[in-house]
Protein chains: 2
Amino acid sequence: MSSSTDAQPARKPRGEYAKTRARKTAILDAALEVFAQSGYRSGSIRDVATLVGISEAGLLHHFPNKVKLLEAVLEHRDDLARSVVPMDAPDGADTLRGLVELAAYNASVPGVVELYCTLSAEATSPDHPAHEYFTRRYADTRSAIANAFRRLADAGRLTIEVDPVRAAISTIALMDGLQVQWLLDRDVVDMAQELADFFGSFVTELRADTEAGSDLAELS
Amino acid sequence: MSSSTDAQPARKPRGEYAKTRARKTAILDAALEVFAQSGYRSGSIRDVATLVGISEAGLLHHFPNKVKLLEAVLEHRDDLARSVVPMDAPDGADTLRGLVELAAYNASVPGVVELYCTLSAEATSPDHPAHEYFTRRYADTRSAIANAFRRLADAGRLTIEVDPVRAAISTIALMDGLQVQWLLDRDVVDMAQELADFFGSFVTELRADTEAGSDLAELS
DNA sequence: GTCTATATGGCGATAGAC
DNA sequence: GTCTATCGCCATATAGAC
């Protein structure tokens, strides 16, 4: 993505590049925190810069403007999520288990959860800079989860007849909605448990295999 | 709530009061639209005033500051929601049906849905002016719906054993999450239908009685 | 009850020194 | 690569005229 190394091939073997990269990830972490707290529109580049300990102009050297910064944060985050959930596993149950694990993991990073809740709501407006991103992201997630349900249905592991796409919609809705309630009152809501129970209500043999996820859940 | 009629009992029978009230509701409607579009933090009093067709100062005559305006909008909206959903009906099924009807009605007022999605996400931050409001509101709604499930369980109308509070949590989560997806892509999601199906998966005899709600759903 | 005018301050972004 | 300084804009809120 970045073009900072395009021109110079192998001259000047200084430690500069590593330093820049460290600074960049520091900025991304800070941006995550600020955007999570205040949303994108109200969160200020100034706050991010202060949190990192540099000036506004210093920050804008690394990310040319606020929108680019947001996009970088979202991409950064998506890489991580993709590593937790095997979205196109041959066994649909693995995907569902991955989602439960993700819910459990999320309970350990409230800042990230806050960012996504706030942003996905904000980005509902068509003129929001992340609107396209979220529209695409939801469509992709929906079809990936629908595929998982389809594979489970083919394997005869669904106890009732369900429309895969609609089951995917409900699954995502449940995950999103649980996050809001969890953020407002963390003692009342166990996101991973509710999600696992939801799956358990129409998928066979998911519960027994999901112990790893349950262990993770106790970290919260 | 308002104190504009407190002092003067019956003197000066002019049309002034009515005019003020009309202006006030016009402001509330505009505020709803602006806050829905941009969220509370980014939505500006200036935009609201412009939309109504008065000046900023003129608006601030009716609502002393931005926070008071937000509170008025939320109260205004809650009155309406309460009139749709019988939260403590003796028959729990009536409450659930009310929720499905509410989901169907919501599909006809995207601005309101947007407001609540954006605000509830924003208000997740403890320092948000509406944080207390949403915390309390979610707790109240949760216990009301839990009561409905409890009554249904007592009447032997639940097909599986469920914890009333957890069922309430999932119900609310589903409703909230469906709203985000619906706002992003209104053709893919039918909020009322998904909610009704969810209830149908463990409540008996809800489907047959809910025709009125289904009719409403087709308005979207 | 509504206006204009203004005080005060935060915002994103740019220019140019080091 | 980071800084200071600054521009131009928009925000909430107040003061005072009409």
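In this text the structure is predicted, and so the values were computed from the model without any measurement. Sequence lines set the chain letters: A, B, ... in the order given, protein chains first and strands last, and positions in each chain run from 1.
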What's the [atom1]-[atom2] distance between [X] and [N], to the nearest Å?
{"X": "A:Leu70", "N": "C:dA13", "atom1": "CG", "atom2": "P", "result": "12 Å"}
{"X": "A:Arg46", "N": "C:dT14", "atom1": "CZ", "atom2": "C1'", "result": "13 Å"}
{"X": "B:Leu60", "N": "D:dG16", "atom1": "CG", "atom2": "P", "result": "17 Å"}
{"X": "A:His62", "N": "D:dG1", "atom1": "NE2", "atom2": "C1'", "result": "6 Å"}
{"X": "B:Arg41", "N": "D:dT12", "atom1": "CZ", "atom2": "C1'", "result": "16 Å"}
{"X": "A:Arg21", "N": "D:dG1", "atom1": "CZ", "atom2": "P", "result": "14 Å"}
{"X": "B:Ile54", "N": "C:dT4", "atom1": "CD1", "atom2": "C1'", "result": "14 Å"}
{"X": "B:Glu56", "N": "C:dC3", "atom1": "CD", "atom2": "P", "result": "11 Å"}

List the steps and the verdict of side chain to side chain donor-acceptor pair (under 3.5 Å) for B:Thr118 and A:Glu122.
CA-CA 6 Å; B:Thr118 313; A:Glu122 270 187 7; over 6 Å; no
Could you go through B:Leu96 and B:Leu99, starting from their C-alpha distance and side-chain angles, then the distance that decides it, and tell me whether this counts as side-chain contact (heavy atoms from CB on, under 4.5 Å)?
CA-CA 5 Å; B:Leu96 301 194; B:Leu99 291 175; 4.3 Å; yes
Compare side-chain N and O positions of [X] against OP1 and OP2 of [N] and report whether any pair is under 4.0 Å apart.
{"X": "B:Ser44", "N": "D:dC10", "result": "no"}
{"X": "B:His61", "N": "D:dT14", "result": "no"}
{"X": "A:Arg23", "N": "D:dT2", "result": "yes"}
{"X": "B:Ser55", "N": "C:dC3", "result": "yes"}

Candidates D:dG1, D:dT12, D:dA15 - which lies nearest the side chain of B:Ala57
D:dA15
Quick check: does any side chain N or O of A:Thr95 sit under 3.5 Å from a backbone N or O of A:Pro86, one acting as donor and the other as acceptor?
yes
Test item: B:Ser38 side-chain N/O and B:Phe35 main-chain N/O as donor-acceptor pair under 3.5 Å
no
